[in-house]
Amino acid sequence: MLDNLMYYICIPLGWLMKQCWLWVGNYGVAILLFTLLSKIVILPVTVWVHKNSIKMVRIQPEINFLKAKYYGDLDTVAAEQSKLFKRERYSPAASIVSLVLQLFLLSSIITIIYHPLTYLLGVSPETVATLAEVYGIEQGISSTEILIVEAVKYSSMMPSGFSVELMRAISALDFGFLGFNISEVASETLGKNLLIPLLAGISSWILCLSQNALNPLQHEQSKWNKYGMMVFSVGLSLYLGFFVPAGIVIYWVFSNLFSVVQQVLLNLAISPKKHIDYEALEKSREALAAIEALEVKDEHFAENKRRERTDYKRFFGVVNKHVVIYSEKSGFYKYFEDIIRELLERSNLHIHYVTSDPDDVIFSVAEKEPRIRAYYIGNKKLITLMMRMEADIVMMTTPDLDKYYIKRSLVQKDIEYIYIPHDPMSAHMGFRENALDAFDTIFCTGPHIEREVRATERVYGLPPKKLVHFGYPLAEKLIAAHEGEESQSAGGRKQILIAPSWQEDNLLDSCIDELLEGLLSDEYRIIVRPHPEYVKRYGEKMRALTEKYADRVGDGLVFELDFSSNRSIWSSDLLVTDWSGISLEFCFATKRPALFVNTQMKVENPNWQKIDCIPVEISLRNTLGVALEKDELSRVDETVRRLLANPDEYADKIGEALEAHFYNQGSAAQAGALYILESLMEKRKKNKGEKS
């Protein structure tokens, strides 16, 4: 049945091959011409596939951001991706259509080359069978007709019963092309025919290289996909080249080479660069890679996985969880510590503390306090834990809830999600756009957060959240840490701390030479304390800087690269920084001023100006000290002298700013704990009322 189907399918293609053969008079050249014409015939499909590939790459950034936003939620990703495909009219089946066409043509050319009598000369199946019988050739095998041609050409026997024209036509079939016999199979003849499979492999390799570089969709595939497909294609071509007639390999070789030329012409006619935002594509890849790389394997990986499985099971083994805290890493415990202490003192609650850091300090704390239950859950496992969450209240310092891998519960819809601040800066410029939208309650450090959240709700038409007058317990600790510290002024020298951020255009990268040139003198002791992340990421830059000023170290200049102590922060007379959050901590704790250098602003939300609130990073600069532009650093010595000459004036201004900036200064943790307990009581009353 399949043979009959192929017979009828190959009739029109066989006719085309015959016309090519009659026109050029050489079977090999006819195959080459047939290959070119077949490419032209299916060109509309090829153009459609090319446009379809461009569509896919154009929407890939959106797909990548979807995968990052709903990481682990395959159903949601698939549903959202389907919407994108419909919007763009992208057809996932396009590449399959092209592949099926190529396989159809290959199957057809194989059939035609194996049956030259049928498709070139129009000999009937009955005549073919009779000729095979006369020459003693086995019937029903793929090479029957090729063997008949060879027998007629080289046999002295002239059988009767066949027309002279037919026998002459068969004898005239020339299988020679460029020194090869296109009817021969390399595995059977060896010799120079071994070049045939080699040519097939080389042409396939050239095609794969060009597709990886030129095809818009293939270009964006992973290296594994690119080079895995290349190895497969080249290997398959070499293998087939050994076991099929050389004529089929000629088709394969020229089809590959024509495809390369075709791709170049398509890119010129419909340029992918005009339709694809490659910058957005790269950003989306980075976002997705950040999610996929959440779980880093280290020497304790296997042990931590076992521990994670145990803690995951233990977490869901507890019912009626009232308060759950999630922390990204050990360093975030300090933002919850005082609230936890107040809750334990004022209630009999158990605190369930989930952390993604296996070395979190919470585990040593939990050993001493039985009402704190600590769980290690890695970032990937955290995805499902959050989706299955059952609790009354979940607190976290992590913004962007429900936007990336941390989701609101799919199981319990009435959980109250509370955002706990981990810095006293702005929420609309310092975080990504809409970073706090999915929280029910925001613990506000001060009036500025309340203004920003309410303004965001108005601009985006969001329902109002609960805003709690909280404060910033860490500020209270910083003030306490400063008490008792004395200025390290030695020999009459004032101590100046240069502590920049690590963002783009920070002080160390943009103007450290101008700063040091203006400040290095017998009057000052200069401490350069880079951000730990800067040292971690740009170690070579830091090393080059320390080497450059090696001859000045010890002569009033110190590079502080040990971050285990903060003593230099609290004991300095003046801070020089850019947009680092250390400015509020230093100024509010010490009541001493800061010199701000207006480098490139640290902006997480490019649309922050939609919110009609001036970020405190900007508004407080001239209250806490003085701000200079980079091109004004020639006045740095003069400005520093003025700041150091008026300590009492700045102490008063900073003290007033401190009281205005924070709620509940001195009692923030109590305010937060009382709100949590009241919220739990209200929920309990509500549940009792619903049951009754």
Side-chain angles (χ1 to χ4, degrees), residues 478 481-482 484-502 505-532 534-535 542 545-546 548-563 565-599 620-651 653-654:
L478 297 176
H482 171 65
E485 291 283 0
E486 297 294 334
S487 171
Q488 288 188 354
S489 302
R493 289 188 175 192
K494 293 289 186 179
Q495 182 167 293
I496 299 174
L497 176 67
I498 299 177
S501 65
W502 62 276
D505 196 43
N506 64 79
L507 289 184
L508 295 186
D509 287 343
S510 63
C511 56
I512 186 63
D513 292 327
E514 292 89 335
L515 275 173
L516 292 178
E517 182 182 341
L519 293 176
L520 282 173
S521 70
D522 294 339
E523 296 180 61
Y524 307 129
R525 181 172 187 262
I526 310 296
I527 297 178
V528 178
R529 182 184 170 105
H531 194 287
Y534 185 90
V535 176
M542 197 65 235
L545 181 63
T546 55
K548 182 177 182 178
Y549 289 95
D551 61 329
R552 302 300 302 270
V553 171
D555 182 24
L557 176 63
V558 175
F559 286 96
E560 188 170 272
L561 304 179
D562 180 0
F563 307 109
S565 171
N566 291 329
R567 191 160 188 263
S568 63
I569 299 176
W570 315 129
S571 60
S572 294
D573 298 288
L574 177 72
L575 171 71
V576 179
T577 188
D578 38 38
W579 296 94
S580 172
I582 197 176
S583 57
L584 266 64
E585 296 177 1
F586 172 85
C587 294
F588 285 153
T590 66
K591 306 299 187 298
R592 294 169 184 164
L595 170 61
F596 299 95
V597 180
N598 291 336
T599 58
L620 284 177
R621 283 169 96 77
N622 288 319
T623 299
L624 304 180
V626 173
L628 293 177
E629 300 298 329
K630 286 193 290 185
D631 59 6
E632 295 178 314
L633 288 180
S634 59
R635 298 194 289 113
V636 66
D637 183 48
E638 169 195 338
T639 306
V640 166
R641 289 176 185 277
R642 188 168 73 251
L643 289 169
L644 292 174
N646 300 285
D648 293 338
E649 175 189 341
Y650 279 103
K653 287 172 64 177
I654 293 169

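Scope of the values below: all heavy atoms of this structure, side chains included, with no hydrogens, waters or symmetry mates. Count residues from 1 along the sequence.
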Could you check if a side-chain atom of [X] sits within less than 4.5 angstrom of a side-chain atom of [Y], using non-hydrogen atoms only?
{"X": "Phe559", "Y": "Leu545", "result": "yes"}
{"X": "Val626", "Y": "Tyr650", "result": "yes"}
{"X": "Asp522", "Y": "Arg493", "result": "yes"}
{"X": "Arg552", "Y": "Leu516", "result": "no"}
{"X": "Ser572", "Y": "Arg592", "result": "no"}
{"X": "Pro593", "Y": "Leu574", "result": "yes"}

Item to check | side chain to side chain contact (heavy atoms under 4.5 Å, CB included) evaluation trace for Ile654 with Phe586 | outcome: CA-CA 11 Å; Ile654 293 169; Phe586 172 85; over 6 Å; no

Sequence-distant partners of [X], side chain to side chain contact (heavy atoms under 4.5 Å, CB included), two or more places apart:
{"X": "Lys630", "value": "Asp505, Ser510, Cys511, Val597, Thr599"}
{"X": "Ala627", "value": "Phe596, Asn598, Arg621, Asn622"}
{"X": "Leu561", "value": "Pro530, Val535, Met542"}

Checklist entry - At their closest point, which heavy atom of Leu575 faces which heavy atom of Thr577, and how far apart are they? => result CD2-CG2, 3.9 Å

Checklist entry - Any idea which heavy atoms bring Ile582 and Ala499 closest together, and the distance? => result CG2-O, 3.9 Å

Checklist entry - For Glu649, does the CD atom sit with more than 12 other heavy atoms under 6.0 Å from it, leaving out its own atoms? => result yes

About how many Å separate [atom2] of [Y] and [atom1] of [X], when rounded to the nearest 0.5 Å?
{"X": "Glu514", "Y": "Leu519", "atom1": "CD", "atom2": "CG", "value": "11.5 Å"}
{"X": "Arg525", "Y": "Ser571", "atom1": "CZ", "atom2": "OG", "value": "8.0 Å"}
{"X": "Lys548", "Y": "Asp513", "atom1": "NZ", "atom2": "CG", "value": "3.5 Å"}
{"X": "Ser568", "Y": "Asp562", "atom1": "OG", "atom2": "CG", "value": "10.0 Å"}
{"X": "Ile526", "Y": "Tyr549", "atom1": "CD1", "atom2": "OH", "value": "11.5 Å"}
{"X": "His531", "Y": "Ser580", "atom1": "NE2", "atom2": "OG", "value": "6.0 Å"}

Next on the checklist: The criterion is ring-ring contact (aromatic ring centres under 6.0 Å, His included); which residues satisfy it with Phe588, sequence neighbours excluded?
Outcome noted: His661, Phe662

Item to check | Partner set under ring-ring contact (aromatic ring centres under 6.0 Å, His included) for Tyr534, not counting sequence neighbours | outcome: Tyr538

Under 3.5 Å, side-chain donor or acceptor atoms of residues 639-648 against the rest of the protein: list the pairs with distances, not counting sequence neighbours.
{"from": "Thr639", "atom 1": "OG1", "to": "Arg635", "atom 2": "O", "distance (Å)": "2.8"}
{"from": "Arg641", "atom 1": "NE", "to": "Asp637", "atom 2": "OD2", "distance (Å)": "3.0"}
{"from": "Arg641", "atom 1": "NH1", "to": "Glu523", "atom 2": "OE1", "distance (Å)": "3.0"}
{"from": "Arg641", "atom 1": "NH1", "to": "Glu523", "atom 2": "OE2", "distance (Å)": "3.4"}
{"from": "Arg641", "atom 1": "NH2", "to": "Glu523", "atom 2": "OE2", "distance (Å)": "2.5"}
{"from": "Asn646", "atom 1": "ND2", "to": "Arg642", "atom 2": "O", "distance (Å)": "2.8"}

Item to check | Of Val636, Leu507, Leu497, Val528, the residue whose pairing with Val576 passes side-chain contact (heavy atoms from CB on, under 4.5 Å) | outcome: Leu507

